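Written out below as structure tokens is the structure these notes cover.
Being a predicted model, the structure only gives us computed values, none of them experimental. One is the number of the first residue; the rest follow in order along the sequence.
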Amino acid sequence: AFSQSSLQAYEDCPRRFWLAYVEQLPWPAIEASPVQEYEQLMRLGANLHLLIQRAEIGIDTDHLASGLEEPLAGWFDAYIRHRPADLPQSVVETEHVLTIPLGRYRLAAKFDLITAEPDGRVVIIDWKTSRQRTEPGILRRRLQTLVYPYVLVEASAGMPWGPVQPEQVEMRYWFTAAPGQPVTFRYDRAQHDAAHAQLQHLVTSI
């Protein structure tokens, strides 16, 4: 199965894709220094996702926040204080994986948060723990912004709250570094058709 990460790797550098996903070699190395700091940030990010998942299913946030150390404590507090207040309430799915056919292969996406109203709006949230808020123009060009809404729409007919039309979908990136300034992208049929063509082209190229 392809993912936004593997497709982005191919688009950035086909050789890197070959080494990482076909040969499955541990090269190229992590583009960060020192490596230990990078790995620690990755672990902290995973812990934040787990905390938010537990909060979203109803576990008391005061209990979850007890004993947390920085920067995790600050990140989780930012989520508590700045979780978007306008999200649909009927359906809340956390850490949900959806897969769809993509030619002879599969395309998978793991969603941090999906909130939906039956026959209404659907909002995808992706939690980001990067040191600063990424510019919207950069996010617009990333394959995650294309893959996630596309997969959700294509898979929605099999969901209890589906099917979903592209115009109902909204993708938001939420940053611990700027919790009050999420980056939002609306979706539509023209983007969906363009995504289909681009993804088919990428897979054919690979």
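You'll find the side chain of Asp112 stays beyond 4.5 Å of the side chain of Trp174, heavy atoms only. When side chains are defined from C-beta on, Tyr105 does not count as touching Leu107, because their heavy atoms never get closer than 4.5 Å. In this structure, the side chains of Pro160 and Val91 stay at 4.5 Å or more apart for every pair of heavy atoms. For the pair Arg121 and Val123, the minimum side-chain heavy-atom distance is below 4.5 Å.
Exactly one of Tyr173, Phe111, Tyr79 qualifies for a ring-ring contact (aromatic ring centres under 6.0 Å, His included) with Trp127. That residue is Tyr79.
When the shell of 6.0 Å around CG of Asp119 is examined, it contains 12 or fewer heavy atoms from other residues, nucleotides or ligands. In the displayed structure, Arg54 atom CZ is contacted under 6.0 Å by at most 12 heavy atoms of other residues, nucleotides or ligands. Counting heavy atoms of neighbouring residues, nucleotides and ligands inside a 6.0 Å radius, atom CZ of Arg131 does not exceed 12 of them. Environment of CD in Gln132: sparse, with no more than 12 heavy atoms of neighbouring residues, nucleotides or ligands closer than 6.0 Å.
Of all the heavy atoms in Ala195 and Tyr150, the pair that sits closest is CB-CD1, 3.9 Å. Nearest heavy atoms, Leu152 versus Leu98: CA-CD1, 4.3 Å. Scanning both residues, Val122 and Ala116, for their nearest heavy atoms gives CG2-CB, 3.9 Å. Nearest heavy-atom pair, Tyr10 versus Ser205, reported as atom, atom and distance to 0.1 Å: OH-CB, 3.4 Å. Closest non-hydrogen pair, Leu68 versus Ala73, comes out as O-CB, 3.6 Å. Taking all atoms of both residues into account, the shortest heavy-atom contact from Leu139 to Thr145 is O-OG1, 2.6 Å.
Residues Trp18 and Glu23 bring a donor and an acceptor atom of their side chains to less than 3.5 Å of each other.
Salt bridge Asp126/Lys128: present, at least one basic N to carboxylate O contact under 4.0 Å. The pair Lys110-Glu95 counts as a salt bridge, with a side-chain nitrogen and a carboxylate oxygen less than 4.0 angstrom apart.
No donor-acceptor pair under 3.5 Å is formed between the side chain of Gln144 and the backbone N or O of Tyr148. Listed for the Gln8 side chain is a donor-acceptor partner under 3.5 Å among the backbone atoms of Leu143. Side-chain atoms of Gln200 do not come within 3.5 Å of backbone N or O of Leu102 as any donor-acceptor pair. Counting only distance, with no hydrogens or angles, the side chain of Gln89 and the backbone of Leu87 share a donor-acceptor pair below 3.5 Å. No donor-acceptor pair closer than 3.5 Å links the side chain of Arg142 to the backbone N or O of Ile138. At distances below 3.5 Å, not a single donor-acceptor pair connects side-chain atoms of Ser66 with backbone N or O atoms of His63.
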* Could you walk me through whether Gln165 and His192 pass the side-chain hydrogen bond (donor to acceptor under 3.5 Å, both in side chains) check? -> CA-CA 10 Å; Gln165 298 303 312; His192 192 70; over 6 Å; no

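Note: Leu51 CG to Ile59 CD1 = 9.5 Å, rounded to the nearest 0.5 Å. The distance from the OG1 atom of Thr176 to the CG atom of Leu72 is 10.0 Å, given to the nearest 0.5 Å. Separating the OG1 atom in Thr115 from the CH2 atom in Trp161 is a distance of 9.0 Å, to the nearest 0.5 Å.
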